[in-house]
Amino acid sequence: MTDAADLVLLGGTIERMIAENPPADAVAVRDGRIIGVGSGSDLRPAVGPRTEVIELAGESVLPGFGDAHIHPIEAGMLADRCDLRECADASAVLDVIARYAAAHPERPWIIGAGWSLDQFDDGAPDRELLDSLVGHRPAFLESNDGHVAWVSTAALRIAGVTASTVEPPDGRILRRADGEACGALVDGALALVARHLPATTHEERLAGLRSALRELHGYGITQWQDARVEPADLDAYREADENGWLTARVEAALWWDRRRGLEQIGELEELRRSVRPGGRLRANSVKLMLDGIVESRTAWMTDPYHGTDDGRGAPFIDPALLREAVVELDRRDFQAHFHAIGDAAVRLALDAVEEARRQNGSSDRRHHVSHLEVVDPADLPRFAELGVVANIQPFWAVDDEQMQALRIPALGPGRISWQFLFESMRRAGARLAGGSDWPVTTADPLLEIEVATTRVPPTARDAAPFLPDERLTLDDALRAFTAGTAFVNHLEAETGTIEVGKRADLVVLDRNLREPGAGPIGDAGVRCTLVDGSPVHGTLGAA
Ligand SMILES: [Zn+2]
């Protein structure tokens, strides 16, 4: 080391997140990159007259966290809408809606999200209940998983939904006995009303992105894959990148319009080309939504839902077209990012990648499948064989109200143990990448890492773990949210581990997670987050 460092962190626990993880207590940074990792005495020569030296006391330093499946702009915008995410129960939901409607008499529509299916009978709240809160105004409130919309009578009237409206092929209109819509729309049926919502403005998207950057840096997140990027979202990201305020590294998964075919690939290529090289934004991924969710029985299953003869859900994209699309996307160097929740959808994703490998040979596209909620154990070895990354959302792998009231009744006893098989996937050789699906659930990776290692909700830490054999070790869970996510985002040369030459994208935690008295992982605090060596959250040294 000949030149002095700009910054040296001393006396912490450095979690390098490399295989051997040899102990280190110091990191040196120059020009935004890591120039040394080791002991304080190793790095002493890097300290020059202008080097900022920060003495850590019991803190740990990790690579900045990554999130492999997240919706930041949408979540950021929700903060200014009817935000139901913090509501503990149905009465809190009703209360927030009523207060929001009263506080915003000027807004023609009540738009929001964040209620959860287990808060209402059968996951299907009624429109008249909503009318009693919003009056004659149209309202559109998505569930926290984005798969159900609770709408008011006025909203249905604007959309022209009546007893005779035909179900869309990829969704359901929940109905009363007389055939009238009850006010809950599932999956593809959301669009019936959504297409009438006032258009989101560019300024709203920019504000959503700014708010998301603030919140996510606060959790130590420095890179992510946005799991649904429409052209207008890409405009917002591009503006942030070109104007220098995109302080996270972002892989944009461009949205595959499932009502169209292969002709859209040319447009996706154009969007990819519109991103300037050398910035923090890339758009090399395409999101393919293969099915719905277990709770509303729209996830695509190999065997029927419990208590039905033939209710298996259905693929959202015709399997033959999907295979063709994945072969073509792979050939044109796009990464496929699948949403697959039911075991049949997961198998379809794997089959499509297998076909792409057969026709195009192996590639370094790092195709990945998100959610993986129900997987036939026979498919577990295929992730490693095909080089498909398992993109896991561990926060959901718990035995909670949603599991008891909605998931187990739908799956039946035989498939309970096919859910969230994360440790089995890892043992079968799959690479894991961690994600939150925020705003579906929290974006805090420390809470997600905790649940990955405990399979217990942080709100009920003495509960019994769900399928305890599927718990990940702390190392594997940390890796999924650092190196694993960097890998799926093709960022492993830049970040994901603490090694010389990588970007100084770092998070300083207020404790050493491995110390016996450290307490639950999710209780750890983020003291500071650095991107390219500069703080984007908190300050160094102000312990
Ligand atoms: Zn998602």
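Being a predicted model, the structure only gives us computed values, none of them experimental. Just the heavy atoms: all of them, side chains too, but no hydrogens, waters or symmetry mates, feed the values below.
- Using a 4.0 Å cut-off between charged nitrogen and carboxylate oxygen, D476 and R427 do not count as a salt-bridge pair.
- Atom CG of residue N284 and atom CZ of residue R366 lie 11.0 Å apart, to the nearest 0.5 angstrom.
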May I have the list of side-chain donor-acceptor pairs in residues 316-325 shorter than 3.5 Å, sequence neighbours left out?
residue: D318; atom: OD2; partner: A320; partner atom: N; Å: 3.2
residue: D318; atom: OD2; partner: L321; partner atom: N; Å: 3.1

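- H337 has its ring centre no less than 6.0 Å from the ring centre of H339.
- At a cut-off of 3.5 Å, with distance as the only test, no side-chain donor of T442 or D444 sits close to an acceptor on the other residue.
- Here the straight-line distance linking atom CZ of R357 with atom CD of E385 works out to 12.0 Å at 0.5 Å rounding.
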Side chain to side chain contact (heavy atoms under 4.5 Å, CB included) between I73 and Y237, worked out: CA-CA 9 Å; I73 296 179; Y237 276 123; 3.7 Å; yes
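- At least one side-chain heavy atom of L348 sits less than 4.5 Å from a side-chain heavy atom of W300.
- With respect to the salt-bridge test (charged N to carboxylate O, under 4.0 angstrom), the residues D376 and R382 do not qualify.
- Ion pair E355/R358 flagged as a salt bridge, since at least one NZ, NE, NH1 or NH2 atom sits closer than 4.0 Å to an Asp/Glu carboxylate oxygen.
- The two atoms that bring W115 and P125 nearest to each other are CH2-CD, 3.6 Å, heavy atoms only.
- Atom-to-atom distance recorded for F140:CZ and I111:CD1 is 8.5 Å, nearest 0.5 angstrom.
- Salt bridge status for R205 with D235: absent, with no side-chain N to carboxylate O gap under 4.0 Å.
- By the ring-ring contact (aromatic ring centres under 6.0 Å, His included) test, H217 pairs with no residue at all, sequence neighbours left out.
- Under the 4.0 Å criterion applied to side-chain N and carboxylate O atoms, R99 and D95 are assigned as salt-bridge partners.
- Between E423 and R471 there is no salt bridge, since no side-chain N of the basic residue sits under 4.0 Å from a carboxylate O of the acidic one.
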Trace of the side chain to side chain contact (heavy atoms under 4.5 Å, CB included) decision for L117 with L406: CA-CA 8 Å; L117 301 186; L406 296 167; 3.6 Å; yes
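- In summary, the side chains of Q404 and D399 do present a donor paired with an acceptor at a separation below 3.5 Å, with no hydrogens or angles considered.
- Between R455 and D469 there is no salt bridge, since no side-chain nitrogen of the basic residue lies less than 4.0 Å from a carboxylate oxygen of the acidic one.
- In this structure, R431 forms a cation-pi arrangement with F487, its terminal cationic atom sitting closer than 6.0 Å to the ring centre and no more than 45° off the ring axis.
- Annotation: H69 is not in aromatic contact with H368 [ring centroid separation under 6.0 Å not met].
- For R426 and F383, the positive end is not near the middle of the six-membered ring at less than 6.0 Å and at most 45° from its axis.
- When all heavy atoms of Q393 and N391 are compared, the closest pair comes out as NE2-OD1, 2.9 Å.
- Taking every heavy atom of both residues into account, V294 and R407 meet most closely at CB-NH1, 3.9 Å.
- A salt bridge is absent between R81 and E74; no separation between the charged side-chain nitrogens and carboxylate oxygens falls under 4.0 Å.
- Note: F422 CZ to L467 CG = 10.5 Å, rounded to the nearest 0.5 Å.
- Salt-bridge check for R176 with E128: passed, with a basic side-chain N closer than 4.0 Å to an acidic carboxylate O.
- When only modelled atom types and interatomic distance are considered, T485 and W224 share no side-chain donor-acceptor pair under 3.5 Å.
- Atom OG of S296 and atom CG of D145 lie 7.5 Å apart (nearest 0.5 Å).
- Closest heavy-atom contact between A433 and G484: CB-O, 3.6 Å.
- When only modelled atom types and interatomic distance are considered, Y100 and D83 share no side-chain donor-acceptor pair under 3.5 Å.
- Donor-acceptor pairing under 3.5 Å is lacking for the side chains of Q402 and Q119.
- Side-chain contact annotation: N489 with Q223, donor-acceptor N/O pair under 3.5 Å present.
- Side-chain contact of R157 with S152: a donor-acceptor pair under 3.5 Å is absent, judged by distance alone.
- Side-chain N/O atoms of D437 and H71 include a donor and acceptor closer than 3.5 Å.
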Considering only distance and modelled atom types, tabulate donor-acceptor pairs under 3.5 Å from the side chains of residues 186-198, sequence neighbours left out.
residue: D187; atom: OD1; partner: H147; partner atom: ND1; Å: 2.5
residue: D187; atom: OD2; partner: T298; partner atom: OG1; Å: 2.7

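- Remark: R365 fails to qualify as a cation-pi partner of F334 under the 6.0 Å distance and 45° angle criteria applied to the six-membered ring.
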